[in-house]
Protein chains: 2
Amino acid sequence: MPDPVFLPLRNAISRFIKLNDADWQLLEPSLREKKLPKQSHFITEGKVEQEVGFLLDGNMRHYYTRDGEEKTTYFYFEGHFVSSYLSAITNTPSELTIEAMTDCRLIVFHYKDLQKLYDVSHTWERFGRLIAEYLAIGLEQRMVGLLMLSPEERYLDLLDGNKQKIIERIPQHYVSSYLGITPVSLSRIRARLLKK
Amino acid sequence: MPDPVFLPLRNAISRFIKLNDADWQLLEPSLREKKLPKQSHFITEGKVEQEVGFLLDGNMRHYYTRDGEEKTTYFYFEGHFVSSYLSAITNTPSELTIEAMTDCRLIVFHYKDLQKLYDVSHTWERFGRLIAEYLAIGLEQRMVGLLMLSPEERYLDLLDGNKQKIIERIPQHYVSSYLGITPVSLSRIRARLLKK
DNA sequence: GCGGGACGTTAACTTAAGATAAGAAATCGG
DNA sequence: CCGATTTCTTATCTTAAGTTAACGTCCCGC
């Protein structure tokens with residue numbers, strides 16, 4: 001008896017692998033729905049965090065703390081997988097915090113449940129590979145942007161690419177953090193661009 | 001009849017997965033030894049590059065070209081896997097070039113051969129996952145460094161971390177590129193640090 | 001061993017980002 | 001709807017990186 005609440009997750013996974021009913025039924029018992037109020041933490045720095053989420057509604061940010069300052073390095077939107085990948089994989093305390101920027105609704109499961117599927121199912125192992133590859137490709141491109149583009153170019157990149165929603169819904173001082181600059185600097189870049 | 005030339009690769013793979021003889025024999029027929037003279041290209045921008053290498057000897061750099069300028073973003077040493085991961089995975093032309101900085105000796109195989117193993121062997125599929133995870137973790141840390149640390153801090157990071165060999169053997173103008181700054185700027189940072 | 005090229009440093013100048021502070025604008029909670 | 005907080009902009013000053021160019025050194029090939 002498949003629960004329709006979980007369907008968006010099944011569809012998202014199906015974009016990575018061909019998933020039959022039997023495969024899906026391996027995972028479904030591990031799923032739960034979870035609601036997070038605005039400003040609460042999905043992942044907290046210092047804790048070993050093994051929970052993986054799939055965001056149905058709302059958005060979240062992912063930040064590191066240094067000298068008391070928060071550096072926001074990633075945003076999550078509907079349809080994204082959310083986790084402290086490093087903490088889940090390595091079973092070590094998370095160095096990052098993931099905070100709900102709005103009220104959020106997620107489907108969650110424990111990474112250990114997925115790891116069990118890795119052992120028993122080649123299909124799920126493949127899913128794990130494809131997710132990791134997807135992640136690596138995104139990170140590589142992000143890194144190249146940081147190394148090769150100026151702050152202004154990185155901001156322009158955000159404006160047209162498919163990442164446009166980042167700027168639409170996100171307060172500017174978080175965006176500036178994502179770009180690796182200060183809020184003041186982003187404001188100046190925007191002012192410069194308007195004159196052109 | 002296992003060829004001892006390929007042993008270092010088998011050992012490297014064994015650090016990721018438990019590999020029995022049968023598993024290994026699936027891969028071995030696809031392996032070749034390859035020598036690259038200094039300054040030749042292992043991967044060339046614009047070509048679809050599906051070759052994966054395992055570096056036995058020598059070192060290589062990985063760079064992107066922009067406005068005629070080369071930006072070196074990665075270095076490879078003995079025991080590293082070398083490939084244009086993105087080009088191999090997505091079967092699209094490589095955006096980067098990988099050049100031998102010294103005479104190099106590698107074990108190479110085609111990524112398609114590995115992909116065939118993904119289909120027939122859960123063990124090799126797992127290897128693919130673990131490699132991708134390893135890569136993603138490294139990229140995440142690199143990205144965080146670029147976002148959170150100043151150029152000077154990034155340079156100091158290079159000095160103590162396990163990445164020390166990067167500075168030992170690599171010309172400074174490549175290192176500066178890796179750090180995301182100009183050679184002149186790196187020279188100044190070094191001069192500043194000496195005074196302290 | 002000589003000439004040329006690659007590499008690193010230094011200097012002078014330009015440009016842009018960081019820090020701090022103040023004020024305007026928008027948002028939120030009651 | 002109002003007051004308080006958050007967010008964004010603007011301005012000033014400081015600091016450091018980019019650019020260009022000159023110079024010295026080292027290394028390599030011929």
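By convention in this document, chain letters (A, B, ...) are assigned in the order of the sequence lines, proteins followed by strands, and residues within each chain are numbered from 1. Worth saying up front: this structure is predicted, and the values here are computed from it rather than measured.
Look at CG on A:D103: it is 12 Å from P on C:dC28, rounded to the nearest Å. For the pair B:R190 CZ and C:dT9 C1', the interatomic distance rounds to 10 Å; values are reported in whole Å. Between A:L179 atom CG and C:dA17 atom P there is a gap of 11 Å when expressed in whole angstrom units. Going from atom CD of A:Q172 over to atom P of D:dT10 covers 11 Å, rounded to whole Å. Taking atom CG of B:L147 as the reference point, atom P of C:dA17 lies 15 Å away to the nearest angstrom. Rounded to a whole Å, the NZ atom of B:K38 is 7 Å from the P atom of D:dC28. Spacing between atom CZ of B:R154 and atom C1' of D:dA17 amounts to 11 Å, rounded to whole angstrom units. For B:D67 and D:dG18, the CG to C1' distance is 15 Å, given to the nearest whole Å.
Summary of the strand contacts: B:E69 and A:S187 both lie near DNA chain D, and taking for each the nucleotide with the nearest heavy atom, the more 5' one is attributed to A:S187.
The B:P171 side chain lies nearest to C:dG8 when the options are C:dG8, D:dC8, C:dG18. Closest approach to the B:V184 side chain among C:dA17, C:dA11, D:dA17 is made by C:dA11 (side chain taken as heavy atoms from C-beta onward). Which of D:dA17, D:dT10, D:dA21 sits closest to the side chain of B:R192 comes down to D:dA17.
If you check distances only, the side chain of B:R188 never reaches the base of C:dG8 with a donor-acceptor pair under 3.5 Å.
Between the side chains of B:Y155 and B:R190, at least one donor-acceptor pair of N or O atoms lies under 3.5 Å. Defined by atom type and a distance below 3.5 Å, a donor-acceptor pair is missing between the side-chain atoms of A:S87 and A:S94. Counted by atom type alone, B:H122 and A:E125 present one or more donor-acceptor pairs between their side chains at under 3.5 Å. For the residue pair B:T65 and B:E45, a side-chain donor N or O sits within less than 3.5 Å of a side-chain acceptor on the partner. For B:Q50 and B:N91, the side-chain atoms include at least one donor-acceptor pair closer than 3.5 Å.
Contact annotation for B:S185: backbone-only contact, meaning every heavy-atom pair under 4.0 Å involves sugar-phosphate atoms and none involves a base. Across all strands, A:T182 comes closer than 4.0 Å only to sugar-phosphate atoms, never to a base (heavy-atom distances).
The shortest distance between the side-chain N/O atoms of B:H173 and the OP1/OP2 oxygens of C:dA6 is not below 4.0 Å.
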